[in-house]
Every structure is written in structure tokens, then in C-alpha cells.
Amino acid sequence: MQPTLFPLQNTGSDEPQKNIIGEGSLNPAQLEAVTTVDGPVLVIAGAGSGKTRTLVYRLAHLVEQGISPENILLLTFTRKASQEMVSRASMLMDDNCRKVMGGTFHSIANLLLRRYGHHVGFAPNFTILDRSDSEGIVNLIKSSLEIGSGESKRFPSKRIILNILSGAVNKSRQLDDLVYNHYSHLVEFLDDISRIQKHYSQFKKDHGLMDYDDLLVYFRDVLANVPEVRAEVSNRFQYVMVDEYQDTNRIQAEIVRHIGGGHNNVMAVGDDSQSIYSFRGADFRNIMDFPKLFPDTKMIRLEENYRSTQSILETTNAIISRAQERYTKTLFSSIEGGGRPVLYGAKDESDQARFVAKKIASLHNQGRPLKDMAVLFRSGFHSYKLELELTNRHIRFEKRGGLKLTETAHIKDVLSFFRIICNEQDYLSWNRILLQLPKVGPKTVQKILETVKMVDDPVSVLKTFQAGKTWKQPFVEMLEMMTDLLQMQSPVSQFDRILEYYQPLFERLYADDFPRRQKELDHLKNIIGEYDSLQSFLDDTALDPPETGFEAPELEDDALILSTIHSAKGLEWDTVFVIHLADGKFPSSHSAADPEQYEEERRLLYVAATRAKSELFLSYPRESVAPDRSRQYCSLTPFLAELPSGLVVSRKPGMFQSSGGENFEAARYIPRKKTSHNSSPAGKTEGQSFHEGVAVRHGFFGEGRITHMKDSRTAEVYFPRHGLKILRLDYAKLELVNS
DNA sequence: AGCCCGTCGGTTTTT
DNA sequence: CCGACGGGCT
């Protein structure tokens, strides 16, 4: 949410406006993007240029134009983003907007493949695999093909193998081509990798499993090869909007082309300077190819930044201006004030952590809420030291982009039972739960599963299996439980039945810290209780997994945000710290060799720095401890070292204690204009003056008059150009008009 | 001999 | 928290 957007240039114009959006809410370029309803549109939106706002307003506009929300498709990068946009549009317009179909490419593909998947050989109860599931299958195949065991040379790990397989899919390249060009050191293993690829793909088909890539690929295939489905889907989604288009890959672009092909009402929004997902096959040049997919595309550029101060923008502009290739122009801002970004060369990692924690504590004492500050970093583990420091100082924080709850072993255990209930062919899950039996290892599991190969009802067939003496008892108990589960209806009672069996195993398996894990199991039960379908619960565990390390619900939810830069995409904070900006860590030494990856790291830093509204702190440790405990000197990341002097204020250890009234300490907290969200309820502060008869202004509907207060927080407002609306003052951004 | 299970070092980024 | 490794069980 942004501070004041400058008013429309044409206010007071005498031509009567159709499609009126409330004045003062959108600039001309945004307005054009919002009101262009038909035909293809490409919006190149710089960081902080009101991209989300534009999408939200357009959503509301479409619905107000009488387009049925069911006919609108909003494709976003995370599910959170789409929920947020839909709910903001609902506040702007009305609850009708909630019927808009919104989600990630993967979640939409999932929904439609449940219905149309039979065209590509999948039953509707297929299971979605997350990353570690996929790696598990690669491992199973590796050992069953006896690859990489006895050889003298090191065969690549399952992680690398999967990177290669997935890379080939997402970059739409042949396996050998990819290996020769990007994994040349692994060319000697190409034959084995290729064998794994074939078996991996067959295994998934045989057992009703789809990984993330399959969701996209099969969805694309159905659309491409089955004209009736394509027509049905395209007809259903008459208006398509795609956010973060710079991070889509070719398969996703093809999906958009197929859905939008019938009517061409497609809007893509993105910024090539913020493309940071090439490892997933995204190519920032794709965004420039959009007009090729949709001829006669109208191009709109949003170049005014409403987020950051001009001095922060000068630095971020300088960072991105050194990019080798880009299309967007330099951003400008009219937000004055605030100091220059601060660059802190810390003595070492501990000093860096202390600096960040102290600074945050001091800003917090000056009145800045913790949730308006964030610390960003390249990799998840970069924040470990800081987490300790924050804990010591009792500063509450919330970590994003860390381990997911569903990636922890005990949760995966429980999920495996559920997955088998939905899809008895899921041998990956069978593998997992059979391994839990005492004295049963990989070899024994393979023998067991051989005997039920391809039968429709493994549970009943397994009952005839001759189990080994040592594990017969638990094996039989497990099968009894599975039989019970298959007859039960409510997921919560199924959960209880699973725990009846699993609890003793669980306590034995995780003897050291099972109380902590127990809480997570309880948490899982609560989550399951919120679903009415087991299938959709399981889908979400892969497509929208809850973060781990959840806390007991606390009343005050003010917490500092720690986040990987990737997970910070699209977000903003008043104060942003970016840490570990040392050469070798950022860019990571992994990327240094490849110019394309090196450039992506630069964009990553750009994304990080453009999250800041009023204060930006950049830091790096001058010294780090190498694996052999020797101390290593670190230099500043080249992305910052190459900047002209004067853009940032440099600080060294010790300097920030001897204040001396310098610029650094002068960076005071100036409260920004509050958004309606986190200000106290309107009924208390300004709300006193909302009453029947007063003139008000709404961001979308324009000026109107309150005709009736339904209660202290709900107003009925008549807008001349939009009619009577019921608005909740807690959410709707309503201003008084002095008349 | 085959297999299971405990211990010890390294870890991009995400749907 | 995964993979490699070696001890020890069947």
C-alpha cells in the first residue's frame, strides 16, 4: 500500500468521464492499465510503481463493468499474493470479487487436471509431489538401477540429478543439450542420468504422482492437444491477468497463450529488472516476447515509484544500471527526506548480527513497529547468527522462506498414511511407512512392493504377504490401520486412528525431541480440521505449505521479518537490512562463473534494496570463518563496490557508537502516512466524524455521501457514479471531504 | 553375506 | 537434516 498517489492530471476536465475511477487514486498510466478491458496488454511496472494496486483496481473495474467474476482468472506467483489481491478488490468493490479464480499456475493446473487429467493418462486422485518427494523417487530409482553405488567416480547427488531433470523441463531443453552446456563436468554420467529420467517419469505415471513440473507440462499438453478442453477453459476464463510475468517460463507462457487464445483478453504485468527465478526456467526476455504471443499488444509503462525515498532510489537505480541487458527505464520518486542508505562493513558475522539487532532495538524504541522492518539475505542459513542475537535480546521475529512444516520427517510420516488413503498406488508413501517397521530397510521394502506391483488394492493384497518373524506384528497392525482408514470418512478421525498406530513408533523414532514435534502434530490436526476434503488438504501441503516454527497464537503479532530475498518479492517495509553482502556469498561463488547467473544475482540485490521505503541498511562481514576454522578476509560485493561514491554512507565497527550527531544516527523515524489496515479502527479515530449526510471520498468509487450508518463501523454510501454501496470502515479507505 | 541402524560433516533460491 | 561410513545383528 502506498502513500498518496498524485492526483489525475485531468481533474476538472470538462469532458465527462466514463469508467470513472475515484480521482486521486491512480496516475494516468495506471488508469490506462485499469480501464483497458479488452485485448492484450503488457504492463512493464518498475519496483514500487503501484503494480499490485493497478491489478487490484483492474479486478474491481472488470467486475464493476458487469463481467462475471467467475470469468476472470488471476495468475500470481504465490497463493498469498492472489488472496491478498482478491480480498483488496473485494473491499474496494464488493464481495462478488471473491468469486474470481485466483492462484498460482500450479494451483490452477492442479484444479483443472483433476478434471481433465484423464486425457493425459492420470486418474483424478493423483498425488502432488514436493521437492523432497521427487528426490526420494530419484533415490529409489538410483538404487534399483544400481547406479552410482560401486563406481569410483562420484555420481551426482539426488539434488543435482533433480536439478538437471527439472531444468530440462522448465527450460524446454533436451537433457543432453542441458548437460553439455551447463553441467559439462557431468557429461560422463549422461547415460545414467538419462536412464533415471525415463524411469522417474514412468514411475510417476505408474503410481499416479505428479511433481511441480508435471502440473505445468500436463496442463499445457491437455490445452494444446485437446481442442474441446482448450475451448472450455478459454471460454470459462474470458479475462486473464498474469502477475510477475518476468518470472514465468516457456511452459507457463504457452499455458497463457492457450487460455487467452480464444479472446485475447490477457494482461501481463512484470518487470524484467526483477527476474530472479531463472533456476526455475524463467527468462526475463520472455516478457518482451509477450507481444509476439499476442499481436497488437498495448504496452504500458509504470515508472514513477511510490514506495521509496529518492535517495534510496538513486542507489537502487545505480545497482541496476550496471546490468548488462534490460528494458525498463530509470525510476523516479517524489518522496523527499530520509537519509542515504548506510553501508556497514562489520568486523565479522557476530558484529554484523549485533549491529542489526542493536539498530532494530533502537528504532523500535523510537516507536517503529517491528513488523515494519525486515532483514533480507541470500540463503536461508545466512540468518542463523542473527536469530541467536535477536533471541538473546528478546526481539520477536518471524522467519520466512525457511523450512516448511511439511518437510519435517514426522509430518511427512503422517502425511504418507493420508496419501495412501487417497491414492493406494502411491508407492513413495508406501516406501516411507514400510521403512518405519523395525528391521525393515530398503531391500525388504522393495521385496514387499514387488509382490503388489500394479494391483488395484495393495492393502488387501499385502495381507497375504509372508512377513518376516521379527516385524510381522507391527506389519499386521499397520495393515489393520490402513483397512480402518479406508472405511472412515472424517479426516480428523482418520488422524486419530493414524496416531493410535504411529504414536509409539514416533516416540521411538524421535526420542530426543519428540515433545516439540508432538506440538507440530497437534498443529497438523488443527489444520486438517479446516478442510472438508482430504484431497484438497494434501494438495495444499505441496502447493501452499505452512511455514515451520509456528508460534502459539499471540495477541500482539508485532514481529520483525527475516526473509530470503526470493520470499520477499513483492513486499515492502519502512526499514530494510540486507546482510551478507560479501563477494563469494553474494553473488554466491556458485554463480560467479556464469555471466547469466551473475547478472541474476545483481537483480536479486536490486529486488532486495527496492523493498525499502524510508531506510536501507546494507552490511557485510569483513572476515568470515572458513570450514577449517581459519579466518578469511571478505571483500564487499562487486555490485556495491562498483557504485560511484557518495550514494551511500559508509560505517565501520565502532563508528556507530560514537554518535557525533552524524547522518547515521540522524536517520530518524518519521511516521509515514498510515494505511487504513494498520491504523486503529476508523470508528475510534477519524470514525467519530463519519455519520449520516457527510461527504466522503473512496479510492475506487470517487466522491459520495453517507446515507445511513448501519452500525458504528458500517456505512451505506451513495456514489453518484456507482450507486449505493455498503462499506466496512475497518477496511474501506474512506476519507472525509471538506465541502 | 546381507542388511539395518547409529554417528558425523556440509547445506542457494521455490511452486 | 541428508549422505557416507562402519559396527553389529540375523
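Chain letters run A, B, ... following the sequence lines, proteins first and then strands; every chain starts at 1. As the structure is a computational prediction, the values presented were derived from the model and not from experiment.
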K.L.:
Is any NZ, NE, NH1 or NH2 atom of the basic residue among Glu596(A) and Arg603(A) found under 4.0 Å from an Asp or Glu carboxylate oxygen of the other?
P.N.:
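Salt bridge: no.
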K.L.:
Expressed in angstrom and rounded to an integer, what is the separation of Glu601(A) atom CD from dT13(B) atom C1'?
P.N.:
9 Å
K.L.:
How do Thr104(A) and Arg378(A) order along DNA chain B: which one's closest nucleotide is nearer the 5' end?
P.N.:
Arg378(A)
K.L.:
Over how many whole Å does the gap from Leu581(A) atom CG to dT12(B) atom C1' extend?
P.N.:
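Whole-Å distance recorded here is 15 Å.
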K.L.:
Starting the side chain at C-beta, find the nucleotide from dT15(B), dT11(B), dT14(B) nearest to His566(A).
P.N.:
dT14(B)
K.L.:
Nearest to the side chain of Phe279(A), which nucleotide is it out of dG3(C), dT14(B), dT15(B)?
P.N.:
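The answer is dT14(B), which lies nearest to the side chain.
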K.L.:
Take Met478(A) and Leu434(A), measure what side chain to side chain contact (heavy atoms under 4.5 Å, CB included) needs, and give me the verdict at the end.
P.N.:
CA-CA 9 Å; Met478(A) 188 270 288; Leu434(A) 289 170; 3.6 Å; yes
K.L.:
Which value, in whole Å, describes the distance between the P atoms of nucleotides dA4(C) and dT12(B)?
P.N.:
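dA4(C) and dT12(B) have their P atoms separated by 16 Å.
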K.L.:
Please determine if Asp133(A) and Arg419(A) form a salt bridge, counting it only when a charged side-chain N lies under 4.0 Å from a carboxylate O.
P.N.:
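Between Arg419(A) and Asp133(A) there is a salt bridge, with a charged N closer than 4.0 Å to a carboxylate O.
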K.L.:
Side chain of Ala409(A) only, heavy atoms from C-beta on: which candidate in dT13(B), dT15(B), dC1(C) is closest?
P.N.:
dC1(C)
K.L.:
Determine whether Tyr502(A) and Gln436(A) satisfy the following criterion, side chain to side chain contact (heavy atoms under 4.5 Å, CB included), listing intermediate values before the conclusion.
P.N.:
CA-CA 10 Å; Tyr502(A) 179 67; Gln436(A) 293 168 356; 3.8 Å; yes
K.L.:
If you look at every heavy atom in Ser107(A) and Leu543(A), which pair is closest and at what distance?
P.N.:
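Heavy-atom minimum between the residues: CA-CD1, 3.9 Å.
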K.L.:
Write down the distance between CG (Leu162(A)) and P (dT12(B)), rounded to a whole number of angstrom.
P.N.:
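Computing the Leu162(A):CG to dT12(B):P distance gives 14 Å.
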K.L.:
Within this structure, what is the CD-to-C1' distance between Glu135(A) and dT12(B), rounded to whole angstrom?
P.N.:
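Rounding to the nearest Å, CD of Glu135(A) and C1' of dT12(B) are 13 Å apart.
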K.L.:
Centre of Phe122(A)'s six-membered ring, under 6.0 Å away, within 45 degrees of the axis: is that where NZ or CZ of Lys205(A) sits?
P.N.:
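Relative to the ring axis of Phe122(A), which defines the angle, Lys205(A) lies outside at least one limit.
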K.L.:
Would you mind checking if Asp243(A) and Lys51(A) are paired as a salt bridge, meaning a charged N to carboxylate O distance below 4.0 Å?
P.N.:
yes
K.L.:
In whole angstroms, how far is the P atom of dT12(B) from the OH atom of Tyr598(A)?
P.N.:
21 Å
K.L.:
Taking only side-chain N and O atoms of Ser157(A), does any of them lie within less than 4.0 angstrom of OP1 or OP2 on dG3(C)?
P.N.:
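So the side-chain polar atoms of Ser157(A) never come under 4.0 Å of the phosphate oxygens OP1 or OP2 of dG3(C).
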K.L.:
Among dT13(B), dC2(C), dT14(B), which is the nearest nucleotide to the side chain of Arg131(A)?
P.N.:
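Among dT13(B), dC2(C), dT14(B), the one nearest the side chain of Arg131(A) is dT14(B).
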K.L.:
Taking the basic N atoms (NZ, or NE/NH1/NH2) and the acidic carboxylate oxygens, is any pair closer than 4.0 Å for Asp283(A) and Arg250(A)?
P.N.:
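No.
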K.L.:
Using whole Å, what does the distance between atom C1' of nucleotide dT12(B) and atom NZ of Lys569(A) come to?
P.N.:
16 Å
K.L.:
Are Lys447(A) and Glu450(A) ion-paired here, with the side-chain N under 4.0 Å from a carboxylate O?
P.N.:
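No.
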K.L.:
Is the phosphate of dT14(B) approached by Thr564(A) (side-chain N or O, under 4.0 Å from OP1 or OP2)?
P.N.:
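For dT14(B), OP1/OP2 do have a side-chain N/O of Thr564(A) under 4.0 Å.
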K.L.:
Without decimals, in angstroms, what is the distance between Tyr384(A) OH and dC1(C) C1'?
P.N.:
9 Å
K.L.:
So does Arg280(A) pair up with Asp213(A), basic N to acidic O under 4.0 Å?
P.N.:
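Answer for the salt bridge query: no.
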K.L.:
Base, sugar-phosphate or nothing for Tyr277(A)? Non-hydrogen atoms, less than 4.0 Å.
P.N.:
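Since only primed, P, OP1 and OP2 atoms lie under 4.0 Å of Tyr277(A), the category is sugar-phosphate.
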K.L.:
Using a 4.0 Å heavy-atom cut-off across all strands, classify Asn139(A) as base, sugar-phosphate, or nothing.
P.N.:
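The residue Asn139(A) makes sugar-phosphate contact but no base contact.
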K.L.:
Any stems for DNA chain C, made of 3 or more Watson-Crick or G-U pairs in a row, each with both distances under 3.5 Å?
P.N.:
B:1-9 with C:2-10
K.L.:
Can you name the atoms? Protein N/O to nucleotides 3-6 of chain B N/O, anything below 3.5 Å, with the distance.
P.N.:
residue: dC4(B); atom: OP1; partner: Gly441(A); partner atom: N; Å: 2.3
residue: dC4(B); atom: OP1; partner: Gly441(A); partner atom: O; Å: 3.4
residue: dC4(B); atom: OP1; partner: Thr444(A); partner atom: OG1; Å: 2.8
residue: dC4(B); atom: O5'; partner: Gly441(A); partner atom: N; Å: 3.4
residue: dC5(B); atom: OP1; partner: Lys439(A); partner atom: N; Å: 2.9

K.L.:
Please determine, for the side chain of Lys158(A), which listed nucleotide (dG3(C), dT12(B), dT15(B)) has the closest atom?
P.N.:
dG3(C)
K.L.:
Could you give the CZ-to-C1' distance, from Arg432(A) to dC1(C), as a whole number of Å?
P.N.:
12 Å
